[in-house]
Amino acid sequence: MAAAAALRRLGREAAGLAARAPCRGYRLLPSDDELYRRTRVTVLQPENPGSAFIEGYSTRGFTISGSVVVGPCAVLPRAILQWNVGSYQDISFQSLSLFRLLEPPIEILVLGTGDRVERLHPAVQKQMRACGIAVDVQDTPNACATFNFLTNEGRLVAAGLIPPRGTYTEV
């Protein structure tokens, strides 16, 4: 009986609190609330100055940071070089030696193998992994996008790109 009376009394008190207007203990000032603060952004330096950005590709080559490169190319963190490979079959441990000699060493090597994703020899992948370089093999359009994404993240990345041939057949 006493418990029922206590519950009724609590119910009446709760109804009385709900009927009253909420009261604040202090007035909210502009400095107290983040919504009232003004934010200023001053760019001191561009995000990745001097880093390469792949703007486009064709059957003849690539447009990288405003420069046109004809044929296969090696895109390094601070340089763009012609890469002496004719197709994905020419990619070997020796043809990847350029990427192993970089200082500071790169984390990821993105390889664009043309129109399709082609597999590298497992020994080549194993040797590159032993050097501390992850190799990501993709078709060239996706390799260009991956390189740009990783560069924008600030990762130490390089790319070996073979232009796509552009001849597609229905299968």
Side-chain angles (χ1 to χ4, degrees), residues 30 33-171:
D33 192 357
E34 289 183 31
L35 295 175
Y36 293 112
R37 292 184 186 169
R38 292 186 181 180
T39 303
R40 282 190 207 178
V41 176
T42 305
V43 179
L44 299 176
Q45 181 178 3
E47 264 189 49
N48 293 319
S51 63
F53 182 78
I54 302 170
E55 297 167 353
Y57 59 89
S58 69
T59 57
R60 305 185 108 198
F62 302 90
T63 304
I64 303 169
S65 299
S67 300
V68 176
V69 181
V70 178
C73 65
V75 185
L76 308 176
R78 301 256 184 222
I80 305 162
L81 305 171
Q82 296 249 281
W83 191 29
N84 193 17
V85 295
S87 71
Y88 75 93
Q89 295 166 338
D90 296 332
I91 298 175
S92 65
F93 192 63
Q94 288 77 23
S95 68
L96 297 176
S97 63
L98 166 69
F99 301 105
R100 293 190 315 270
L101 298 173
L102 295 174
E103 192 60 43
I106 59 170
E107 303 170 22
I108 302 169
L109 172 61
V110 180
L111 291 177
T113 57
D115 293 320
R116 300 181 319 169
V117 178
E118 303 289 350
R119 295 187 65 128
L120 289 183
H121 194 278
V124 173
Q125 292 236 8
K126 185 177 180 180
Q127 290 169 332
M128 292 300 285
R129 206 173 311 119
C131 294
I133 300 172
V135 179
D136 186 10
V137 181
Q138 300 179 3
D139 60 329
T140 298
N142 288 320
C144 292
T146 301
F147 175 82
N148 287 341
F149 179 79
L150 291 171
T151 299
N152 195 37
E153 278 190 336
R155 306 284 298 270
L156 287 172
V157 62
L161 303 172
I162 299 172
R165 295 193 180 185
T167 55
Y168 300 98
T169 56
E170 294 287 325
V171 179

Pairs under 3.5 angstrom only: tabulate donor-acceptor contacts from the side chains of residues 60-67 to other protein residues two or more places apart or in another chain.
from : atom 1 : to  : atom 2 : distance (Å)
S65  : OG     : F53 : N      : 2.9

Open item on the list: Let's go through V69 and Q82 carefully: what are the C-alpha distance in whole Å and the side-chain angles of both, what is the deciding distance for side chain to side chain contact (heavy atoms under 4.5 Å, CB included) to 0.1 Å, and is it a yes or a no?
Closed with: CA-CA 8 Å; V69 181; Q82 296 249 281; 3.6 Å; yes

Task: Residues that F99 engages under ring pair (Phe, Tyr, Trp, His ring centres under 6.0 Å), provided they are two or more places apart - done: W83

- [ ] Check whether any side-chain heavy atom of L111 sits under 4.5 Å from a side-chain heavy atom of L96, and report yes or no.
- [x] yes

TODO: With R116 as the cation and Y88 as the aromatic partner, state whether NZ or CZ is under 6.0 Å from the six-membered ring centre and within 45° of the axis.
DONE: no

TODO: Measure across A52 and L76 and return the closest heavy-atom pair with its distance rounded to 0.1 Å.
DONE: CB-O, 4.4 Å

- [ ] Find the distance between CG (N84) and CG (L98) and round it off to the nearest 0.5 Å.
- [x] 11.5 Å

Residues 119-131, side-chain donor-acceptor partners within the protein, below 3.5 Å, at least two apart:
from : atom 1 : to   : atom 2 : distance (Å)
H121 : ND1    : A123 : N      : 3.1

Task: T151 side chain near V75 side chain, heavy-atom distance below 4.5 Å - done: no

TODO: Return the minimal non-hydrogen interatomic distance between G112 and A143, and the atom names on each side.
DONE: CA-CB, 3.6 Å

- [ ] Output yes when a side-chain donor or acceptor of D90 lies under 3.5 Å from a complementary backbone atom of S87, and no otherwise.
- [x] yes

Open item on the list: I need the minimum non-hydrogen distance between D139 and N142, along with the two atoms involved.
Closed with: OD1-ND2, 2.7 Å

Task: Check: I106 and P77 side chains under 4.5 Å, non-hydrogen atoms - done: yes

Open item on the list: Any heavy-atom pair between the side chains of T59 and P163 that's under 4.5 Å?
Closed with: no

Task: Separation of D136 CG from I108 CD1 (nearest 0.5 Å) - done: 7.5 Å

TODO: Indicate yes or no: at least one non-hydrogen side-chain atom of L161 is less than 4.5 angstrom from one of Y57.
DONE: no

Task: Donor-acceptor contact below 3.5 Å, side chain R100 vs main chain F93 - done: yes

- [ ] Would you give the length of the straight line joining atom CZ of R78 to atom CG of L102, rounded to the nearest 0.5 angstrom?
- [x] 12.5 Å

Task: From I54 atom CD1 to T146 atom OG1, the distance as rounded to the nearest 0.5 Å - done: 9.5 Å

